[in-house]
Amino acid sequence: MVMTASSLMPTVVIGAGAWGTALAIAMARNGHEVRLWGRDKEQLSRIAAERMNSRYLPEIIFPDTLKIEMDLEKSLEKCRHIMVSVPSLAFSEILHCIKPFLSEDIPISWATKGLTPHNGQFLHDTAIEILGPKHALAVVSGPSFAAEVATGLPTALTVASRDTAFAKALASALHGPALRAYTTEDVLGVQVGGTVKNVLAIAAGICDGLGYGANARAALLTRGMAEIMRLASVLGAEPETMFGLSGMGDLILTCTDNQSRNRQLGLAIGSGLTVDEAVSKVGKTVEGMHAAREVLLRAQQAGVEMPIVEQVCKILFEGYDPRKSVQALLCREQKAESPVIGKS
Ligand SMILES: NC(=O)C1=CN([C@@H]2O[C@H](COP(=O)(O)OP(=O)(O)OC[C@H]3O[C@@H](n4cnc5c(N)ncnc54)[C@H](O)[C@@H]3O)[C@@H](O)[C@H]2O)C=CC1
Ligand SMILES: O=C(CO)COP(=O)(O)O
């Protein structure tokens, strides 16, 4: 059977946070039958009664084709596609939880950005390890704040899958008057960009919180991009992907706009709060905080220098003074500017 947007319906979106809800709304606005499930039953009942997710996306009324699903097991029996949108910390737990109810022809996508905690795996590898090799898998990524997508502001996304039919069908399910969805086969590249940019957004927030100005921010973004490129190329991703929506696009968005929770954390640290105080001030999902150490470890294993990521780790986990970290970056050995492979 040819895979189309309609053949992916009903889709069950797992994770009724900001992004899961926004993606469910986007597909439902295109007339697709979508079910939204979250682990908090009380919150789900409230969403069902109000026809909106007032905690994360207030005032956005759900389209009629978006239904709330209280019983995950039952919804999995009927669905034709599952989209996971929980934080990376919960990703493998969710896959273990749904696995017993899945047949192998059900395609799975996720919008989670980050790595699997403790082993630092990319989520695609974790998905294969848990679910086996038979499911079609896709990653949704790109510069996309949930609130703007839910409001219907213009946005472009990338759908990455080794299964081109699935990528096209999912892109078409998401594609609407204000949402443009592109496809790529570079699953690894899309995951590298979406993961590392969160760590760099913390760095950009710190830099701005310290009041270091626009020149410093531009330098940080550019050198941060060089770090992404180096890691991506050593891991085997396509360099072009880094210049696309899921790489440079998301790096620019997250490092420069205060809607980013990663940037918010950095801003709070840069303005003088301790890391613990900053975490509780932001009080939301901050993926870069979880990914930073794992990204650095991967870079070290691959022999890639990522000085900005390294300083972010020192600030987050070793109590380094952010001013001293910036100083350490500025004091690095003088060298030719080179964002290319193998150089630093
Ligand atoms: N918010 C945004 O604009 C965007 C978010 N993302 C990514 O999407 C992922 C989810 O982020 P958000 O929706 O923003 O987070 P959120 O904090 O708004 O919501 C997360 C949801 O996951 C649920 N959850 C947490 N642990 C769970 C578990 N063990 N089992 C089931 N549900 C669990 C929470 O109850 C909550 O409903 C993250 O990886 C984030 O980087 C990607 C693009 C845009
Ligand atoms: O990934 C995002 C936008 O593309 C959301 O960024 P934050 O998690 O930093 O809010």
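Atoms within a ligand are numbered from 1 in the order they appear, just like the ligands themselves.
Note: W110 and H124 have tilted aromatic rings, judged against thresholds of 30 and 60 degrees for the angle between ring planes.
Between the side chains of T116 and Q121, no donor-acceptor pair of N or O atoms lies under 3.5 Å. A side-chain donor from one of T254 and D250 sits under 3.5 Å from a side-chain acceptor of the other. Between the side chains of D276 and T274, no donor-acceptor pair of N or O atoms lies under 3.5 Å.
The closest side-chain heavy-atom distance from I130 to S92 is below 4.5 Å. At least one side-chain heavy atom of L8 sits less than 4.5 Å from a side-chain heavy atom of F166.
Around the CD atom of E42, the shell of radius 6.0 Å holds no more than 12 heavy atoms that belong to other residues, nucleotides or ligands.
Residues L220 and L200 come closest through the heavy atom pair CD2-O, 4.0 Å.
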> salt bridge (charged side-chain N to carboxylate O under 4.0 Å, His left out) between R217 and D208: does it pass, once the steps are laid out?
Replying inline: CA-CA 7 Å; R217 188 192 313 122; D208 284 336; 2.8 Å; yes
Protein N/O near ligand 2 N/O, under 3.5 Å, which pairs?
from: ligand 2; atom 1: 1 (O); to: K113; atom 2: NZ; distance (Å): 2.8
from: ligand 2; atom 1: 1 (O); to: K197; atom 2: NZ; distance (Å): 2.7
from: ligand 2; atom 1: 4 (O); to: K113; atom 2: NZ; distance (Å): 2.9
from: ligand 2; atom 1: 4 (O); to: G142; atom 2: O; distance (Å): 3.1
from: ligand 2; atom 1: 4 (O); to: S144; atom 2: N; distance (Å): 3.1
from: ligand 2; atom 1: 4 (O); to: D250; atom 2: OD1; distance (Å): 2.7
from: ligand 2; atom 1: 4 (O); to: D250; atom 2: OD2; distance (Å): 3.4
from: ligand 2; atom 1: 8 (O); to: R261; atom 2: NE; distance (Å): 3.4
from: ligand 2; atom 1: 8 (O); to: R261; atom 2: NH2; distance (Å): 2.9
from: ligand 2; atom 1: 8 (O); to: N262; atom 2: ND2; distance (Å): 3.3
from: ligand 2; atom 1: 9 (O); to: S260; atom 2: OG; distance (Å): 2.7
from: ligand 2; atom 1: 9 (O); to: R261; atom 2: N; distance (Å): 3.2
from: ligand 2; atom 1: 9 (O); to: N262; atom 2: N; distance (Å): 3.1
from: ligand 2; atom 1: 9 (O); to: N262; atom 2: ND2; distance (Å): 2.7
from: ligand 2; atom 1: 10 (O); to: R261; atom 2: N; distance (Å): 2.9
from: ligand 2; atom 1: 10 (O); to: R261; atom 2: NE; distance (Å): 2.9

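Around ligand 1, the residues contributing at least one heavy atom under 4.0 Å from the ligand are A16, G17, A18, W19, R39, Y56, S85, V86, P87, A90, E93, I94, A111, T112, K113, S144, F145, A146, R261, T285, E287.
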